[in-house]
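For reference, the structure discussed in these notes is given below.
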Amino acid sequence: MSKNTDELFKNVIAHAKEYGFVFPSSEIYDGLSAVYDYGQFGSELKNNLKTYWWKAMVQMHENIVGIDSAIFMHPKIWKASGHVDGFSDPMIDNKDSNKRYRADQLLEDKIARYDKDGKTDKAEALQIAMDEALKNEDLPRLRELIIEHEIADPVSGTRNWTDVRQFNLMFSTQMGAIADDADLIYLRPETAQGIFVNYLNVQKSGRMKIPFGIAQIGKAFRNEVIARQFIIRMREFEQMEMQFFVRPGTEMEWYKQWKETRLQWHLALGTDEAKYRFHDHVKLAHYANAAVDIEYDFPFGFKEVEGIHSRTDFDLSQHQKFSGKKMQYFDPELDADGKPYGNYIPYVIETSIGLDRMFLLTMINAFDEEDLSTDEKQDSRTVLRLHPCLAPVKAAIFPLIKKDGLPEKAREIMDKLKLDFNLQYEEKDAIGKRYRRQDAIGTPFCITVDHQTLEDNTVTIRHRDTMQQERVAADDLDKIIGKLVSWKNLLS
RNA sequence: GCGGAAAUAGCUCAGCUGGUAGAGCAUCAGUUUCCCAAACUGAAGGCCGCGGGUUCGAAUCCCGUUUUCCGCUCCA
């Protein structure tokens with residue numbers, strides 16, 4: 001990371017806090033690691049990103065509908081999805097090499113070694129002891145076994161081990177008022193399962209025909225071992241996911257199509273194409289037969305913002321198995337032989353974007369420190385060049401000075417416009433200062449009421465990016481601003 | 001999790017070999033001002049991250065702890 005990009009990232013974080021976009025969670029209590037709150041402008045920007053995604057994915061597609069499923073779900077769902085078994089491993093660190101291992105794997109290796117050396121008695125005894133400890137989730141016992149059997153770190157060669165700790169990706173809590181009897185409930189680590197378990201409900205109630213999609217925006221929770229880099233990896237984060245159900249055998253066409261469609265969604269915001277790249281997964285997850293990330297060139301390197309996965313019929317098949325409910329779809333369309341495709345479990349293409357990462361990307365991409373120095377005077381401004389559709393505040397209204405009836409006139413204009421747009425009114429400080437303050441939060445337009453306004457009802461409208469002004473009729477403002485902040489600019 | 005660094009007003013920072021806190025900007029109340037920041041007057045704002053120790057006395061020295069940053073590690 002060069003000094004410049006490092007500085008940029010730090011400046012964006014500082015700017016985000018100073019201007020009410022992102023605050024560290026629980027800050028007055030020293031903060032809570034890897035949890036952040038969105039402030040007055042951050043939540044507006046975040047909502048606008050959600051709206052853009054929802055409109056592009058749901059409203060623009062007749063065969064995609066949205067849902068909002070609960071964060072709490074039946075614990076069996078996470079058994080079926082593979083999250084319970086796949087993501088709770090007993091881990092142990094070697095203090096000398098700083099390497100981390102799965103405790104059970106170290107023991108398995110030792111058992112294999114005993115077997116190879118013909119010490120089958122020892123191998124068997126250790127196997128039984130280990131299985132017992134794993135079954136009882138007896139972590140101290142696992143460590144004892146590692147010590148007893150003199151297992152050394154292959155890297156450092158030492159036996160200087162930490163305690164065995166359980167790393168579980170999922171947060172858990174209890175359902176029911178009496179903790180003793182309560183069932184263990186997980187906070188969902190992904191929103192996708194809420195879609196899969198409702199796939200039949202939606203398909204039937206909406207009379208959906210394949211191919212069709214179900215979209216959802218919602219919070220997910222992962223107990224990351226290490227969470228860092230601001231809002232890139234948070235313990236509580238928000239996903240925007242769409243699961244697209246297709247006929248088996250057609251999944252690769254759809255995979256390719258969604259890959260392109262999703263990249264276009266990003267590029268429509270005007271971001272430099274060179275900032276984006278696709279990253280194909282070589283090693284695939286257990287449920288996928290193809291996977292690609294859309295990566296953005298953050299100041300600390302290319303990082304995943306969105307994933308497009310071909311998830312096969314893994315999830316629906318698993319739910320069919322675990323719930324005992326048929327997940328199949330009857331496809332009445334005729335194939336090449338003139339026979340209906342009939343019953344099958346659909347294949348799924350998933351598009352999944354991290355809203356918080358998208359938010360950070362948007363902030364970094366918009367952040368600009370512009371040098372406006374002239375020979376006489378040093379000057380600079382900090383401006384967020386947000387797309388007008390995304391800007392938290394669409395316009396600010398200023399009386400040029402705080403007297404002569406200008407504030408009243410400005411208020412009058414504001415009262416009409418605020419029905420359509422999120423606005424700010426400011427009369428304090430010099431006009432230039434007010435312009436700069438709006439630049440810092442990305443407000444695309446500033447409307448100024450001056451003495452001429454009182455005579456002919458015209459105002460000046462000042463554009464954030466160019467700092468140019470034009471004089472327009474106050475009565476036309478709703479049309480002028482409406483056109484510039486319309487979602488049509490992004491969707492068509 | 002390991003190693004290194006940092007933490008003083010809302011922000012950026014100063015504060016000497018220990019003697020109980022300072023600037024600029026921002027904020028607030030006025031003054032001034034007809035279009036691009038830092039004009040004038042005044043006010044407010046600090047358990048010097050937290051806890052302990054050394055000392056007559058700690059922002060300053062020592063130990064612990066929390067948080068953040070950097071590297072390593074991890075990342076379905």
Side-chain angles (χ1 to χ4, degrees), chain A residues 1 3 6 9-11 13-15 17-20 23-35 78 81-89 91-102 155-156 160-163 165 167 169-170 189-190 192 222-230 232-233 281 283-288 291 300 303-304 307 309 311 314 352 370 372-374 377-383 398-404 406 428-440 446-454 459-464 466-469 471:
Chain A
M1 197 188 298
K3 188 149 196 290
D6 197 19
F9 187 45
K10 282 194 170 124
N11 290 345
I13 294 171
H15 190 85
K17 188 180 169 215
E18 192 175 347
Y19 287 91
F23 306 123
S25 161
S26 318
E27 201 187 3
I28 61 168
Y29 291 98
D30 269 348
L32 187 63
S33 185
V35 186
W78 305 113
S81 70
H83 285 84
V84 171
D85 297 325
F87 307 105
S88 61
D89 302 319
M91 307 294 282
I92 191 165
D93 291 357
N94 183 274
K95 290 179 188 169
D96 298 314
S97 66
N98 291 331
K99 294 278 177 195
R100 175 167 295 155
Y101 301 92
R102 278 179 55 175
V155 175
S156 67
N160 189 8
W161 297 106
T162 62
D163 287 340
R165 282 157 301 189
F167 282 89
L169 171 97
M170 289 192 289
E190 63 173 20
R222 293 182 196 181
N223 203 356
E224 301 286 354
V225 179
I226 299 175
R228 255 202 242 156
Q229 274 169 334
F230 198 44
I232 273 280
R233 176 165 297 159
H281 286 212
K283 212 179 81 192
L284 295 169
H286 57 279
Y287 53 72
F300 37 86
K303 283 273 184 300
E304 177 188 357
H309 294 228
R311 293 183 75 130
F314 175 83
S352 173
E370 196 179 6
L372 299 171
S373 298
T374 58
K377 191 172 115 180
Q378 250 202 343
D379 193 11
S380 69
R381 66 167 184 156
T382 302
V383 49
F398 310 142
L400 186 57
I401 54 171
K402 201 168 49 171
K403 58 182 182 188
D404 303 337
L406 297 185
K428 204 177 145 32
D429 294 319
I431 191 77
K433 218 169 192 178
R434 284 178 269 168
Y435 286 145
R436 300 299 174 87
R437 269 204 293 264
Q438 294 299 326
D439 289 339
C446 292
I447 295 153
T448 301
V449 170
D450 55 19
H451 285 94
Q452 191 182 331
T453 311
L454 300 178
V459 296
T460 60
I461 180 163
R462 178 260 196 190
H463 296 262
R464 176 194 67 201
T466 59
M467 296 170 73
Q468 298 296 308
Q469 293 177 39
R471 187 163 276 278

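In the text below, chain A, chain B and the rest are named by the order of the sequence lines, each starting its count at 1.
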Item to complete: Considering only atom P, compute the distance from A23(B) to G3(B) and round it to an integer number of Å.
Response: 41 Å

Practice prompt. Could you tell me the separation between the CG atom of Asp429(A) and the C1' atom of U31(B), rounded to a whole number of Å?
Written response: 13 Å

Item to complete: State whether the side chain of Arg464(A) and the backbone N or O of Val383(A) hold a donor-acceptor pair below 3.5 Å, judged by distance alone.
Response: no

Fill in: Separation of atom CG in Asp404(A) from atom C1' in U32(B), rounded to whole Å
14 Å

Worksheet item: Please, what dot-bracket string fits RNA chain B when only Watson-Crick and G-U pairs with both distances under 3.5 Å count, crossing ones use [ ] and pairs to another strand use |?
Response: (((((((..((((.....[..)))).(((((.......))))).....(((((..]....))))))))))))....

Worksheet item: So, His15(A) side chain and Thr382(A) main chain: donor-acceptor pair closer than 3.5 Å or not?
Response: no

Discussion item. Is Lys17(A) close enough to C11(B) that one of its side-chain N or O atoms is under 4.0 Å from OP1 or OP2 there?
Written reply: yes

Worksheet item: About how many Å separate CG of Leu406(A) and CG of Leu400(A), when rounded to the nearest 0.5 Å?
Response: 7.0 Å

Fill in: Value rounded to 0.5 Å, distance of CD1 in Ile431(A) from CZ in Phe398(A)
5.5 Å

Discussion item. Please determine whether salt bridge (Lys or Arg N to Asp or Glu O under 4.0 Å) holds for the pair Arg471(A) and Asp450(A), giving the CA-CA distance in whole Å, both sets of side-chain angles, and the decisive distance to 0.1 Å.
Written reply: CA-CA 11 Å; Arg471(A) 187 163 276 278; Asp450(A) 55 19; 2.4 Å; yes

Worksheet, complete the sentence: Rounded to whole Å, NE2 of His15(A) lies from C1' of C25(B) at a distance of 16 Å

Discussion item. Taking the C1' atom in each of C13(B) and U17(B), what is the distance between them to the nearest angstrom?
Written reply: 23 Å

Worksheet item: Backbone N or O of Tyr435(A) within a donor-acceptor pair of the Arg381(A) side chain at under 3.5 Å?
Response: no

Worksheet, complete the sentence: On RNA chain B, more 5' by nearest nucleotide between Glu18(A) and Lys428(A) is Glu18(A)

Worksheet item: When every nucleotide of nucleotides 35-43 of chain B is labelled 5' to 3' by its protein contacts under 4.0 Å (heavy atoms), B for base, S for sugar-phosphate only, - for none, what sequence of letters results?
Response: BBBB-----

Worksheet entry | Any residue meeting salt bridge (Lys or Arg N to Asp or Glu O under 4.0 Å) with Arg462(A), in chain and number order, not counting sequence neighbours | Asp439(A)

Fill in: Length of the line joining Phe23(A):CZ and U67(B):C1', which is rounded to integer Å
18 Å

Worksheet item: Given that Leu406(A) and Arg437(A) both sit by RNA chain B, which one's nearest nucleotide is further toward the 5' end?
Response: Arg437(A)

Worksheet item: Got a second to check how far Met467(A)'s CE is from Cys446(A)'s SG, nearest 0.5 Å?
Response: 10.5 Å

